[in-house]
Amino acid sequence: MLKLTRRGLSRAFLASSVLSAAGLMMPAVSSAQQGTDVTFHKDIEPILQRACQTCHRDEGVAPMSLVTYDEVVPFAGLIEYRTSLRDRAGAMPPWYAEKEVGIQHYKQDPSLSDEELAAISAWARGGVPKGDVADAPEPLNFDDAAGWSAGEPDLIVRTEDITVEGQAPDWWGNIPRVPIGLEEDRYVKSVEIREVNDLDMEAVGDTVGGRNIVHHMIWSTQVLDENGDATERPVSWPVHEIARNPDIFDEDAGRLLKAGSALVSDSVHLHATGVDTTGHLEIGFRFHPKGYEPKYQPAFIGLGNGVDISIAGDQDGQELHAYAVLDQPTKIVTFEPHLHAPGERMCLEASWGYTVETLSCVGYDHNWVRGYAFEADHQPLLPKGTVLHIVGYMNNTDTNPNVPDSRNWQGSGNRSVTNMFIDLGMRVAMSEDEFFQEMADRRKNLNLGPNDHVIGCPLCLAPLVAPVELTEEDKEELSDSMIDYLTIKEEEKEVMPHMAVAGSEGE
């Protein structure tokens, strides 16, 4: 058992309870709002089931249950306030993708629509009517599997217990290795990590940051010899971060979990909850069927971090920038900002030729770290030579509840009171043929025409905008994927404006 005993509690996570308390001070309900026809059972309960109850239920990770009418009513004002934050720290549900910027198609997106937000506001300010129970949806069944957002795992690996005393300072280091217990190689379709601890939920703050002892873990799986040394290259896995959603790999890029391997981590960040807590992590793997082989391999691109981060005290709106150049065609599977306490926002931008596009901007909350997986046919497809650019926005003032003391300058480091600046998102590498085939498939799947615009795919529409009639001689020199990409299909011609199609030699 690993035991952390050093003293000195950070206020970074406890301070965030102030934000929650602010939500209770809502304006009085006006008489004009009393006549609303929005009711709990008909309008509000379906929203809570879709976006809230996975966490806000008995045995859930959230501080209060939001399942029954009687449980929800005392928090109506707070629910209205927290949902209205939408893409900023403190927002509920914890999903911070900005609705007006970049790609808007994500997997596992629990965010609320404008209509849902309006319904919550009308209900909270209109007397919280219960409505007819006959309008209520069927209650959700929360069994053990419901604790796994990606679905029940095929294999669960448990770390050893970790004890963190209530007043211990942040700690960063390694934990004991854990044998996986797998007897044959399997490709993984998703991995999800959750913390199980003995924390008294009534004794701690109401943020996830105050209810977990493991903030993040950088880890790999390794096949080890009798001396504990790796016998081959380790397999890296997405960084676990506090309260984060599951990592679902691209359907054509499953990650390999090798037989006889062990879970290894020498970079675990622990922090205190305010009371003595013992807990462990459970790592849940879901497998592809036996015989599955991935089409693509992961692309490991260093985008961000460094030893030169400098965050001034008592200043908002500070920016960090980092760049990387793609040395091969690449598909971006997820965008995942990793900042520390001062971080409030990150944007991902791609530049190629004359094209400069913001792919995504998301808020950041150090208590709820999210990964944003793009939906199929909306994952950025970027050619070799594309420049990726991330911008981080830092708020080191007392308006940021995650910062323990805004007077202090902050530099680079592993603890929450120092800083990191990285896009930890997943990407896959593609050959030229795979890249052109993916673009041709996307054009077909989305029924794109020459006047459409696709964020994150600068070459998808090139054959439609500047069409070329291929000759037989041309086709002899091109691969099938390139021919398919350049060939304008009959259904595409139907949506094209009347324009001449030039011959390959300018005829």
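One is the number of the first residue; the rest follow in order along the sequence.
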Task: Residue pair S412 / N419, side-chain donor-acceptor N/O under 3.5 Å - done: no
Open item on the list: Assess the residue pair F249 and V428 against the criterion (side chain to side chain contact (heavy atoms under 4.5 Å, CB included)); give the C-alpha distance rounded to whole Å, side-chain angles, the decisive distance to 0.1 Å, and a yes or no.
Closed with: CA-CA 10 Å; F249 301 109; V428 296; over 6 Å; no
Open item on the list: Between the side chains of E98 and R345, is the shortest nitrogen-to-carboxylate-oxygen separation below 4.0 Å, so that they form an ion pair?
Closed with: yes
Open item on the list: Please give me the minimum heavy-atom distance between Y393 and E319, naming the atom from each residue.
Closed with: CE2-OE2, 3.5 Å
TODO: May I ask you to check whether W95 and Y372 place their ring centers less than 6.0 Å from one another?
DONE: yes
- [ ] List for me each residue that meets ring-ring contact (aromatic ring centres under 6.0 Å, His included) alongside F374, sequence neighbours excluded, and say none if there are none.
- [x] Y106
- [ ] Fit a plane to each ring of H340 and H215, take the angle between them on a 0 to 90° scale, and name the class: parallel (under 30°), tilted (30 to 60°) or perpendicular (over 60°).
- [x] perpendicular
Open item on the list: Within the structure provided, determine whether L112 and I120 are in side-chain contact (heavy-atom separation under 4.5 Å).
Closed with: yes
Task: Contacts of F287 that satisfy ring-ring contact (aromatic ring centres under 6.0 Å, His included) - sequence neighbours left out - done: none
Open item on the list: R255: which residues meet the side chain to side chain donor-acceptor pair (under 3.5 Å) condition with it, sequence neighbours left out?
Closed with: none
Task: K331/D250 ion pair, N-O < 4.0 Å - done: yes
- [ ] Assess whether salt bridge (Lys or Arg N to Asp or Glu O under 4.0 Å) is satisfied between K444 and E492, documenting all intermediate values.
- [x] CA-CA 8 Å; K444 176 182 178 182; E492 293 174 328; over 6 Å; no
- [ ] Inspect cysteines C52 and C55 and report if their side-chain SG atoms are under 2.5 angstrom from one another.
- [x] no
- [ ] Check the pair E357 / H453 against side chain to side chain donor-acceptor pair (under 3.5 Å), numbers first and verdict last.
- [x] CA-CA 11 Å; E357 290 185 324; H453 178 68; 2.7 Å; yes
- [ ] For residues L359 and I455, determine if any side-chain heavy atom of one lies less than 4.5 Å from a side-chain heavy atom of the other.
- [x] yes
Open item on the list: Assess the residue pair S111 and K99 against the criterion (side chain to side chain donor-acceptor pair (under 3.5 Å)); give the C-alpha distance rounded to whole Å, side-chain angles, the decisive distance to 0.1 Å, and a yes or no.
Closed with: CA-CA 10 Å; S111 63; K99 298 282 188 180; 2.8 Å; yes
Task: Sidechain N-carboxylate O distance under 4.0 Å for K290, D185 - done: no
Task: Under 3.5 Å side-chain donor-acceptor pair for S121 and E80 - done: yes
Task: Trace of the side chain to side chain contact (heavy atoms under 4.5 Å, CB included) decision for W237 with L263 - done: CA-CA 10 Å; W237 299 87; L263 184 151; over 6 Å; no
TODO: Might you work through the salt bridge (Lys or Arg N to Asp or Glu O under 4.0 Å) test for R244 and E336, ending with a clear yes or no?
DONE: CA-CA 10 Å; R244 64 167 293 160; E336 184 181 339; 2.6 Å; yes
Task: Within residues 321-395 or reaching into it, pairs that qualify as disulfide (SG to SG under 2.5 Å) - sequence neighbours excluded - done: C347-C361
Open item on the list: Just so I know, are the side chains of V333 and R427 near enough to count as touching, which here means a heavy-atom distance under 4.5 Å?
Closed with: no
Open item on the list: Suppose we screen for side chain to side chain donor-acceptor pair (under 3.5 Å). Which residues come up paired with K189, at least two apart in sequence or across chains?
Closed with: none
- [ ] Give the ring-plane orientation class for Y485 versus F436, where under 30° counts as parallel, over 60° as perpendicular and anything between as tilted.
- [x] tilted
Open item on the list: Show the nearest heavy-atom pair for residues N396 and A312, with the distance to one decimal.
Closed with: ND2-O, 3.0 Å
N/O donor-acceptor pairs under 3.5 Å from side chains in residues 293-307, not counting sequence neighbours:
{"residue": "Y296", "atom": "OH", "partner": "E438", "partner atom": "OE2", "Å": "2.5"}

Task: Salt bridge present between E282 and R194 (N-O < 4.0 angstrom) - done: yes
- [ ] Determine, stepwise, if the pair D484 / R443 fulfils salt bridge (Lys or Arg N to Asp or Glu O under 4.0 Å).
- [x] CA-CA 11 Å; D484 189 39; R443 217 166 66 207; over 6 Å; no
